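Owing to the predicted nature of the structure, the values given are computational and were not obtained by experimental measurement. Letters A, B, ... are given to chains in the order of the sequence lines, protein chains preceding strands, and every chain is numbered from 1.
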There are 2 protein chains.
Amino acid sequence: MKKETDVYSDDEVKLARFAKALSHPARIQIMKLLASQNSCFCGNIAGYLPLSQSTVSQHLKELKDAGLIIANVKQPKIYYCICKENWDMAKKFLDALFEKKACEIC
Amino acid sequence: MKKETDVYSDDEVKLARFAKALSHPARIQIMKLLASQNSCFCGNIAGYLPLSQSTVSQHLKELKDAGLIIANVKQPKIYYCICKENWDMAKKFLDALFEKKACEIC
DNA sequence: AATATTCATCGTATATTTACGATATACGTG
DNA sequence: CACGTATATCGTAAATATACGATGAATATT
């Protein structure tokens, strides 16, 4: 099978990855939580979600791998916060996509 | 397992569904294609993608199920176009999510 | 040193996604 | 009516996602 890079543009792949990171309600909630704190939000995110600690950790990993959040180690806790650079990039890509006009005929 | 509606808000579930629909580069391309036509874009979308007709049909189904596109049957062809209502809703939800400030400390 | 706290990772089960070729459906054309 | 065109659906294989409990690793506290 062709590799993605052969076929899709870099930006398309990145946007798809950002979208994928946001494609689960738990991860939407996590991003909202992180965004609503005016300082970095620490640890017990699991307490706010109907999920086990290990599952939340997995979701955090996905958000981190997608580049949307950053882990800030301050032992024994780890503070997560939104990665401003990629968050802005995701917003930019999405804005570009949405600025295109939807068809008015249908 | 708990049902999503027990736990996640309606808007969170909807936003996650929209994001999921956009979580594959092929579907990003399809949305771009549809958006770039100033009339509804007809059929041979597969010709623009490195995918078989059946796979493209599946992706179209996912976009349709997510409510992002509408199928307009004009036999023997089917015209797809972006569903303005839901497209706008997705944009609104995403804007609301992104308007939240990223943490400035990390 | 023993214990508690915080978080990641492993192992695992199940579900979903992705992709394709083959086939079915619906319609128009010769 | 036979055939072509456009598209969906089926069957299937492989990959990925989701979730949990158990365990591991790192550090702080007693």
Side-chain angles (χ1 to χ4, degrees), chain A residues 1-8 12-13 16-30 33-34 40-66 68-81 106, chain B residues 1-8 12-13 16-31 33-34 37 40-66 68-81 106:
Chain A
M1 196 176 59
K2 291 172 195 164
K3 277 194 303 184
E4 283 197 345
T5 46
D6 295 340
V7 157
Y8 303 114
E12 280 165 356
V13 172
R17 184 142 47 223
F18 290 141
K20 189 172 190 174
L22 298 174
S23 72
H24 193 288
R27 293 195 290 269
I28 299 277
Q29 279 197 335
I30 291 172
L33 260 177
L34 294 185
C40 296
F41 182 76
C42 82
N44 67 334
I45 297 174
Y48 291 84
L49 302 183
L51 297 171
S52 72
Q53 179 265 322
S54 63
T55 301
V56 169
S57 186
Q58 251 180 222
H59 282 305
L60 287 168
K61 180 168 160 43
E62 280 178 62
L63 290 168
K64 198 172 49 175
D65 289 349
L68 289 182
I69 65 175
I70 292 173
N72 214 312
V73 180
K74 287 174 186 166
Q75 289 288 1
K77 298 187 178 181
I78 296 182
Y79 293 80
Y80 283 99
C81 61
C106 302
Chain B
M1 196 175 59
K2 290 171 195 164
K3 278 194 299 182
E4 283 197 344
T5 47
D6 295 341
V7 158
Y8 303 114
E12 281 166 354
V13 172
R17 184 142 49 224
F18 289 141
K20 190 172 190 174
L22 297 175
S23 73
H24 192 289
R27 293 195 289 271
I28 299 277
Q29 279 198 334
I30 290 172
M31 292 308 282
L33 260 175
L34 294 184
Q37 309 295 119
C40 297
F41 182 75
C42 80
N44 66 332
I45 297 174
Y48 292 84
L49 302 182
L51 298 171
S52 73
Q53 179 265 322
S54 64
T55 301
V56 169
S57 186
Q58 250 181 222
H59 282 304
L60 287 168
K61 181 168 160 42
E62 280 179 63
L63 289 168
K64 197 172 51 177
D65 290 348
L68 290 182
I69 65 174
I70 292 171
N72 214 314
V73 180
K74 287 173 186 166
Q75 289 287 0
K77 298 187 177 178
I78 297 182
Y79 293 80
Y80 283 99
C81 60
C106 303

When we call it a touch if two heavy atoms are under 4.0 Å apart, what does Glu62(A) touch: a base, just sugar-phosphate, or nothing?
sugar-phosphate
Find the distance Ile78(B):CD1 to dT25(C):P and express it as a whole number of Å.
15 Å
Among the nucleotides dA19(D), dC7(C), dA19(C), whichever has the atom closest to the side chain of Thr55(A) is dA19(D)
Which sits closer to the 5' end of DNA chain C, Gln53(B) or Lys64(A), going by the nucleotide each is nearest to?
Lys64(A)
Between dT18(C) atom P and Tyr8(A) atom OH, what is the distance in whole Å?
10 Å
Work out which heavy atom in Ala26(B) is nearest to a heavy atom in Leu49(B); give both atom names and the distance.
O-CD1, 4.2 Å
Whole angstrom value for the distance that separates C1' of dG4(D) from NZ of Lys77(B):
13 Å
For the side chain of Lys20(B), counting heavy atoms from C-beta on, which of dC20(C), dC20(D), dT17(C) is nearest?
dT17(C)
Interatomic distance, Ile30(B) atom CD1 to Leu60(B) atom CG [nearest 0.5 angstrom]:
4.5 Å
Any side-chain heavy-atom pair of Phe18(B) and Leu68(B) under 4.5 Å:
yes
Given dC20(C), dA8(C), dA8(D), identify the nucleotide with an atom nearest to the side chain of Leu51(B).
dC20(C)
Round to the nearest Å and state the distance from Leu63(B) atom CG to dA8(D) atom C1'.
15 Å
Ile70(B) CD1 to dT7(D) P, in whole Å, measures 17 Å
Between P of dA17(D) and CG of Leu60(A), the distance in whole Å
16 Å
Would you indicate which nucleotide in dT18(C), dT7(D), dT9(D) comes nearest to any side-chain atom of His24(B)?
dT18(C)
Check every strand shown and say whether Gln58(B) touches a base, only sugar-phosphate, or nothing at a heavy-atom separation below 4.0 Å.
base
Donor-acceptor pair (no angle test) under 3.5 Å: Ser54(B) side chain, dG21(C) base:
yes
Can you tell me if the side-chain N/O atoms of His59(B) get under 4.0 Å from OP1 or OP2 in dA19(C)?
yes
From Met31(B) CE over to His59(B) NE2, what is the distance, rounded to the nearest 0.5 angstrom?
13.5 Å
Looking at dC7(C), dA8(D), dT18(C), which one has an atom nearest to any side-chain atom of Arg27(B)?
dT18(C)
Minimum-distance nucleotide (side-chain atoms of Tyr80(B) versus dT9(C), dT6(C), dA8(D))
dA8(D)
How close or far is atom C1' of dA8(C) from atom CG of Asn72(A), stated in whole angstroms?
17 Å
Working to the nearest 0.5 Å, report the span between OH of Tyr8(B) and CD of Gln29(A).
6.0 Å
Expressed as a whole number of angstroms, how long is the span from Tyr79(B):OH to dT5(D):P?
16 Å
